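The chains referred to below are lettered A, B, ... by the order of the sequence lines, with proteins before strands, and numbering in each begins at 1. Remember, it's a predicted structure, so these values are computed and weren't measured experimentally.
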2 protein chains.
Amino acid sequence: MKELMDDQELFALFRKNGYKVTTQRLAIYKFILPRGDHPSAEQIYQGLKNDYPTISLGTIYKTLHLLKKIGLIQELGLNEGSVRYEPDMEVHINLVCTQCGKIHDYKPENIENIWHNLISKLNFKPTGQRIDIYYECAACKIKES
Amino acid sequence: MKELMDDQELFALFRKNGYKVTTQRLAIYKFILPRGDHPSAEQIYQGLKNDYPTISLGTIYKTLHLLKKIGLIQELGLNEGSVRYEPDMEVHINLVCTQCGKIHDYKPENIENIWHNLISKLNFKPTGQRIDIYYECAACKIKES
DNA sequence: GTAACTGCAAACGCTTTGCACTCCC
DNA sequence: GGGAGTGCAAAGCGTTTGCAGTTAC
């Protein structure tokens, strides 16, 4: 549960992997963490530049790669241009609106068990997974009619 | 089952959607269809330019979008640069090697039933889905050691 | 003090776009 | 014949890279 990680653990995780703790890295991770909407790099930049006026997109990209490497976030490539980032590394479903691109997480009951059953026949250990469902969200349906 | 669609059905599907049947469109679709490796636009281009020396990447992209629109293929955005294309629209798992990018399809027994159970609580109808498992394939493991 | 990190700007690579020519129907 | 499709080249845009100045430790 990433939500329960305190600053000490976070700092330790950075350092264990040979990375320094910097204001920018903390700001980026803490920006993504509570958001349920899987922001893009650009959205993170827009969201942070008020509080951190000199932060740059380059730093955001570098930090996102670093966070991915130490297992804190996941990248979702979505074939509509930009990549989206999310902090939930557990098994869950991404509900993706094909019109507006909004993403919400969804965890049906027992998804952990169902998932582990489904992949029990594999003869290797997955390093991660991703489950998407595509649909048209209510707001987009209204807009069209 | 796309594999069973004959040329007549394919032509009809194009025309029903208001698109003309062209040599290039057929060549592109028939190139992707039997391949299990989910080629990128560039790979399709490389694979076709011997038989169709004047075919262009622009046409390939336009055709891929068209094929997606009429439901013949799916796009897989994979956050390592290019988008990959696959003709299997049924529920299945993509086994993605995180090192070399190779993708294989995997259909555990009963995946259709398991999937439909899993999403039975949704109050909308999905237009599609995508399930990925990330791992390191045998060939890449050997290369590393 | 020094190696790692940041910010900026330029470079990159995949994809899209515009337009004259060509081909399907 | 006419409008849709192709091929080419240029433009677009998200992302990466290089480097001088700055910061964590």
For residues 77-126 of chain A, the ring-ring contact (aromatic ring centres under 6.0 Å, His included) pairs (sequence neighbours left out) are A:F124-B:Y135
Here the pair of heavy atoms bringing A:H38 nearest to A:Q43 is O-OE1, 4.3 Å
Rounded to whole Å, the NZ-C1' distance (A:K49 to C:dG7) equals 14 Å
Minimal heavy-atom distance between B:I28 and B:T59, with the atoms involved, is CD1-O, 4.3 Å
Are any of the side-chain nitrogens in B:E112 or B:K107 under 4.0 Å away from the carboxylate oxygens of its partner? no
Whole-Å distance, B:E75 CD to C:dC14 P, equals 16 Å
Here the distance between atom C1' of C:dC25 and atom NZ of B:K16, to the nearest Å, is 19 Å
Whole-Å distance, A:K20 NZ to D:dC25 P, equals 7 Å
Between OH of A:Y19 and C1' of D:dT23 the distance, given in whole Å, is 18 Å
B:F11 atom CZ is separated from D:dG5 atom P, nearest whole Å, by 15 Å
Per-nt protein contacts along nucleotides 6-15 of chain D (heavy atom under 4.0 Å; B base, S backbone sugar-phosphate only, - none) come out as SBS-----SS
Item checked: Electrostatic pair A:D132-A:R130, nearest N-O below 4.0 angstrom -> yes
Between CZ of B:F14 and P of C:dC25 the distance, given in whole Å, is 11 Å
Hits for salt bridge (charged side-chain N to carboxylate O under 4.0 Å, His left out) against A:K68, two or more places apart or cross-chain, chain-then-number order -> A:E75
